[in-house]
2 protein chains.
Amino acid sequence: MRIDPNSATDLPVQIAQAIKDAIVSGALIVDERLPSEAELAEQFQVSRPTVREALKRLAAQSLIRTQRGAFGGAFVNRLSFEDAQAQQITTSTLLLSMNAVSFDTACEARFALERACAPLAVERRGDTHLAAMRAEIRQQGAPDLSDEAFCASDVAFHRALVDAAANPVLSYHLAGAVEAMQPLMNMITFTARSRGTIVALHARIAEAIDARDAAQADTALAELMHYTMSLKDDVMAARAAARC
Amino acid sequence: MRIDPNSATDLPVQIAQAIKDAIVSGALIVDERLPSEAELAEQFQVSRPTVREALKRLAAQSLIRTQRGAFGGAFVNRLSFEDAQAQQITTSTLLLSMNAVSFDTACEARFALERACAPLAVERRGDTHLAAMRAEIRQQGAPDLSDEAFCASDVAFHRALVDAAANPVLSYHLAGAVEAMQPLMNMITFTARSRGTIVALHARIAEAIDARDAAQADTALAELMHYTMSLKDDVMAARAAARC
DNA sequence: AGACTTTTAAATGTCAGACAAATGATTTCT
DNA sequence: AGAAATCATTTGTCTGACATTTAAAAGTCT
């Protein structure tokens, strides 16, 4: 691991990249201890604060963890599905909120991915998944539910659907797509009637998955997507009219 | 924005979280300048190195960028699709390599997601997408191609397929799934015959998308998935036999 | 007056050195 | 032998300083 002290980029960035490369390439394996900050400083010919910044960059990406005390230090961290999902969700959410992605584009992507999960969910769903989906459906029927709580439950329903596919890699990739939609969905005001329609579609999806009917699940998901988009169009049109 | 100096967690972590929350909540908008390190240090009642570490954590996630000089400082960064994709690819790759995810699980997830893109690609593919796919197919037929180069071209082919769906959000989500498979694919040794089969399937996929035949594209993708899995089984079996 | 050059102030980048706090190993005492 | 005290090591945080970069402001010349 070497760095170029004359390069234009920050020294900590270079050091972080060098260590990251070592991890990705397998030169450093999970739970292996890195040299201490003082040793790294000497190795890279920089000061300890510079090394610290590099380590902090890596810690921010959950690539390493640090431990104080004797025989402490920085250790290569096993990237858990949980950590990876959390990162993915914030990244996806920010990406959508900062880039003026249209509601339709995000919605299309989300439902396309979800429909990919449906056939697997139909095949493998267990009782816990079905129970989780139905619990959310019940909650969505509560009359005094705020719009935000309704959206949160909607997200939970769809994540249960994804989890029913019993593929952790799929769950990880979908987490970002599903969660990132929540802020966009929160811009919609749901009438009692529109909530009823959505809940009915959720029920159809849950039933189809229970009955192992892939075609029906796919159809219901497609309908839900179109209904969601039309709902948003109505809200936008109503707001535009109110302004004039 | 406040922090609790008596909390168990690191001060920089708390500060970074506070700033991150401000960005996510919209209190800080894109390109807005954060207070200088000295001002932040006073505001949070900590020293400048502590603030710096917090800012470096955020910079590592591309949430802020820093600029030196007068009227420089830290600015809220617009998270570009490019940055987000790069992050997602490394996260996905590490997740798979560090968690002993089975080849089949990752492969299933990848093809399930890709099949979700196919109908949209059929609908919207442009000439550039078709040309990109065919260019990769041509390259894959080169007789003196290394296994690694073959895999890289395979990834490029599939990314072109995903891009043909003309949905940047979808491309972003799929980038991780497709790229993260490459290290796993690199463990396979491709015979001339297996390469031929794969190239033929790629050609069928490209033709189906050109002909706007969604069903055919889906079938070919499913076949490719099964063939890839069986290929890996053969390689594993051959290696196990060689060891005995 | 306008364009070019120089200066300057403000901010981050890097360093050195110090002390605090945590933590596991070692030693000592009962 | 077991429990308690000590110790060495390592990260966490602070103070203070200087280097470097950058854009704005001031100054100068045509």
Side-chain angles (χ1 to χ4, degrees), chain A residues 1-20 22-23 28 31-77, chain B residues 1-20 22-23 28 31-77:
Chain A
M1 290 199 294
R2 291 274 160 73
I3 59 168
D4 173 15
N6 300 321
S7 167
T9 49
D10 292 355
L11 293 175
V13 172
Q14 290 184 61
I15 295 170
Q17 190 61 49
I19 297 174
K20 189 177 186 174
I23 295 174
L28 292 169
D31 291 335
E32 186 170 338
R33 183 177 174 281
L34 273 70
S36 71
E37 294 178 355
E39 287 168 328
L40 285 172
E42 191 178 5
Q43 185 178 330
F44 287 115
Q45 288 290 301
V46 296
S47 70
R48 192 161 84 95
T50 306
V51 167
R52 275 186 70 73
E53 283 194 10
L55 294 179
K56 289 303 147 190
R57 293 186 89 93
L58 298 173
Q61 299 173 277
S62 305
L63 287 179
I64 61 169
R65 62 175 185 278
T66 56
Q67 204 176 352
R68 287 222 278 209
F71 296 80
F75 298 84
V76 178
N77 200 24
Chain B
M1 290 199 295
R2 291 274 160 71
I3 58 167
D4 173 16
N6 300 321
S7 168
T9 48
D10 291 356
L11 293 175
V13 172
Q14 290 183 61
I15 296 170
Q17 189 61 48
I19 297 174
K20 188 177 186 174
I23 295 175
L28 292 170
D31 290 336
E32 186 170 339
R33 183 178 174 281
L34 274 69
S36 73
E37 294 179 355
E39 286 167 329
L40 285 171
E42 190 177 6
Q43 185 178 330
F44 287 114
Q45 288 290 301
V46 296
S47 69
R48 192 161 84 95
T50 305
V51 167
R52 272 186 72 74
E53 284 194 10
L55 294 179
K56 289 304 147 189
R57 293 186 90 92
L58 298 173
Q61 298 173 276
S62 305
L63 287 178
I64 61 169
R65 63 176 184 278
T66 55
Q67 203 175 354
R68 290 222 277 206
F71 297 79
F75 297 83
V76 178
N77 199 24

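By convention in this document, chain letters (A, B, ...) are assigned in the order of the sequence lines, proteins followed by strands, and residues within each chain are numbered from 1.
- When the P atom of D/dG12 is taken as reference, atom CZ of B/Arg57 falls 9 Å away, rounded to whole Å.
- Rounded to a whole Å, the CD atom of B/Gln14 is 13 Å from the C1' atom of D/dG12.
- When each of A/Val46, A/Val51, A/Thr50 is paired with A/Pro12, the side chain to side chain contact (heavy atoms under 4.5 Å, CB included) condition holds for A/Thr50 and for no other.
- For the pair A/Arg65 CZ and C/dT23 P, the interatomic distance rounds to 14 Å; values are reported in whole Å.
- Contact annotation: B/Thr50 side-chain N/O to D/dG12 OP1/OP2 distance is not under 4.0 Å.
- When rounded to the nearest whole Å, the span between CD of A/Glu53 and C1' of D/dG12 equals 14 Å.
- Between A/Leu40 atom CG and C/dT14 atom C1' there is a gap of 17 Å when expressed in whole angstrom units.
- A/Gln61 contributes no side-chain N or O that, together with a main-chain N or O of A/Leu58, makes up a donor-acceptor pair within less than 3.5 Å.
- For the pair B/Phe44 CZ and D/dT13 P, the interatomic distance rounds to 14 Å; values are reported in whole Å.
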Distances for protein N or O near nucleotides 7-11 of chain D N or O, under 3.5 Å:
from, atom 1, to, atom 2, distance (Å)
D/dT9, O2, A/Ala70, N, 2.9
D/dT10, O4', A/Gly69, O, 3.2
D/dT10, O2, A/Gly69, N, 3.3
D/dT11, OP1, A/Glu37, N, 3.4
D/dT11, OP2, A/Glu37, N, 3.2

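- With rounding to the nearest 0.5 Å, the separation of CD in B/Gln14 from CD in B/Gln17 is 9.5 Å.
- Nearest heavy atom pair, residue B/Leu40 against residue B/Pro35, reads CD1-O, 3.6 Å.
- Atom CD1 of residue A/Ile19 and atom CG of residue A/Leu63 lie 10.0 Å apart, to the nearest 0.5 angstrom.
- Every residue meeting the side chain to side chain contact (heavy atoms under 4.5 Å, CB included) condition with A/Arg33, not counting sequence neighbours, appears here in chain and number order: A/Ser36, A/Phe75.
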